[in-house]
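Notes to accompany the following structure.
The sequence lines fix the lettering, A, B, ..., with proteins before strands; numbering per chain opens at 1. The figures that follow rest on heavy atoms only: side chains count, while hydrogens, waters and symmetry mates do not.
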Protein chains: 2
Amino acid sequence: MPMFKPAKQNRIFEDVVEQIQDAILSGQVKPGETLPSERELREVFKVSRGTIREALRVLEQKGLIEIKLGVGGGAIVKEASVDVLAESLDLLIRHRKVSMEHLAEFRIGVEGDIVAMAVERATPQDIEELERITKMAQSYCDKGPDYVRQFLEADMQFHLTLSRITKNPMYDAIGRIIHENILSYYKDFIERKGIKLKENCDDLARLVAAMKAKRPEEARTVLKEHITRYASIFEEKKDQ
Amino acid sequence: MPMFKPAKQNRIFEDVVEQIQDAILSGQVKPGETLPSERELREVFKVSRGTIREALRVLEQKGLIEIKLGVGGGAIVKEASVDVLAESLDLLIRHRKVSMEHLAEFRIGVEGDIVAMAVERATPQDIEELERITKMAQSYCDKGPDYVRQFLEADMQFHLTLSRITKNPMYDAIGRIIHENILSYYKDFIERKGIKLKENCDDLARLVAAMKAKRPEEARTVLKEHITRYASIFEEKKDQ
DNA sequence: AAATTAGAATGGTAAGACCATCAATATGAG
DNA sequence: CTCATATTGATGGTCTTACCATTCTAATTT
């Protein structure tokens, strides 16, 4: 059974981290509340200020607190968010040098699940939102190749909205990471290679149509084509 | 375009973090190599040792380095690992931002994709491995309720093997963090509530059979039932 | 040759000082 | 009186210096 941490008992600041983290997770201090100042914490824990600060850096990186400057500032307990999850996944992708092919494959799977789920959970307001974004994308599409970036932004918004419709924070986080990592690549050479704007734009419209008709499998298929079309640009690129 | 970080230009240590992180991610320093000592880094960056140390705490928490004591020790660049990812998910769960229902739903989607993919990519050796694990699980199952923990371990091994068969590092990573987080919860109260070992065991056998017959959709269905059975234990638990 | 000891490099902690920021308050101008 | 401005003090950010704890290396001893 893994999931134990090495019992490095040297390192006082880790003990401080643990105590403060427990206080936060157990609800003894609630989001929005401020921890005592560094100088007060120094008294409480009977350690030096440097040690306190190292502990605060760890807690900050864990996303448990954030620091505000000036009078009345200090370490404020944060609401938990998927940001840290997103950041660590991002680091993993970059550190492991995950290829675009693997990312695209992963994306097809996950976003397929997302869209199938979204079909069932979308409220009329959600559909409206998606149609609004689609219209916007359409207008950028009509304006021609100078508006590729704006189109891509709208496209990303569309997908992120789908993630949100699932009401599942896991999909919310994963959806964001996928796009953060993919979009940056796309933007680079889409301007060089061009992109078939019209087809991509039609994809969105077809997707919304499938959703309105409550046909999850059709939506999944359209999405897969959509993503594959995107990824195909990479195929061409790889040859050069 | 979102996903910018606040440009807090105060905070020198963040600049240090960024520079070292870039060096690691770009491969200028490779896993296993040691960064210069704190006292040397102090010279390089022209900052105090305390500032260097705060930067190292952040990098350590990000999972990019680990610290070794004594002569020849220092900050060693780590191999990318899913540990931080798993920890951040754990924090979200404990903060109640992600529920077991969310996780189970996510798991059904992702592992469904995994198993469908595994059907197509599994080598004869992979199938053998899965059968070996299934046999082991079966034996624990036969030994009765005292071997629930071992059965759960085997079950997890089964799923992790599936993830690996995809040969896609994204699925590998996501599969692992899901199970690392789920298993610890299950173990807790499965011993109190009991579990229908036989059905779960049969699931594995049926899954392998579907894979050998190259029927991805059947495999997907079996898997969904399997996970749903697991998750149902939580449903009961919630009422008490 | 093996065991022991000493040395040195390195991270861990402490204490004290000063600067930068920012909210609350006091002060001044209109 | 009202609004703008200046002052003040609490707080985080950084620097310096010092010493301790750990651990590898090598010299010393047995």
For A:H102 and B:K167, indicate whether the former's side chain and the latter's backbone hold a donor-acceptor pair under 3.5 Å. yes

Using a heavy-atom cut-off of under 4.0 Å over every strand shown, decide if A:G74 touches base, sugar-phosphate, or nothing. sugar-phosphate

Give a yes or no answer on whether the side chain of B:K97 reaches the backbone of B:L89 with a donor-acceptor pair at less than 3.5 Å. no

Is any side-chain N of the basic residue among A:E87 and B:K62 closer than 4.0 Å to the acidic one's carboxylate O? yes

Is there a donor on the side chain of A:R39 or the base of D:dG12 sitting less than 3.5 Å from an acceptor on the other? yes

From the list D:dT14, D:dC15, C:dG12, which nucleotide is the closest neighbour of the side chain of B:R53? C:dG12

Respond yes when some side-chain nitrogen or oxygen of A:T51 is under 4.0 Å from OP1 or OP2 of C:dG12, and no when none is. no

Length of the line joining A:I67:CD1 and D:dT11:P, which is rounded to integer Å: 13 Å

Nearest-angstrom distance from the residue atom CD of B:E66 to P of C:dG12: 12 Å

Value in whole Å for how far the P atom of C:dT13 lies from CZ of A:R11: 8 Å

Whole Å only: how far is the CD atom of B:E38 from the P atom of C:dA14? 15 Å

Between C1' of C:dT13 and CD1 of A:I12, the distance in whole Å: 6 Å

Taking the nucleotide of DNA chain D with the closest heavy atom to each, which residue, B:V71 or A:R49, is nearer the 5' end? A:R49

Round to the nearest Å and state the distance from A:K68 atom NZ to C:dC22 atom P. 10 Å

Base, sugar-phosphate or nothing for B:R42? Non-hydrogen atoms, less than 4.0 Å. nothing

Among C:dG12, C:dA14, D:dC15, the nucleotide that comes nearest once only the side chain of B:R57 is considered: C:dG12

With DNA chain C as reference, determine whether A:G72 or A:F13 sits nearer its 5' end, using the nearest nucleotide of each. A:F13

Answer yes when A:R11 and B:E60 have at least one side-chain N-carboxylate O distance shorter than 4.0 Å, and no when they do not. yes

Tell me the interatomic distance from A:L41, atom CG, to D:dA10, atom P, rounded to whole angstroms. 17 Å

CD of A:E54 versus P of C:dG11: gap in Å, rounded? 12 Å

Using a strict cut-off of less than 4.0 Å between a Lys/Arg side-chain nitrogen and an Asp/Glu carboxylate oxygen, indicate whether A:R57 and A:E54 qualify as a salt bridge. no

Are OP1 or OP2 of C:dT13 and a side-chain N or O of A:S48 less than 4.0 angstrom apart? no

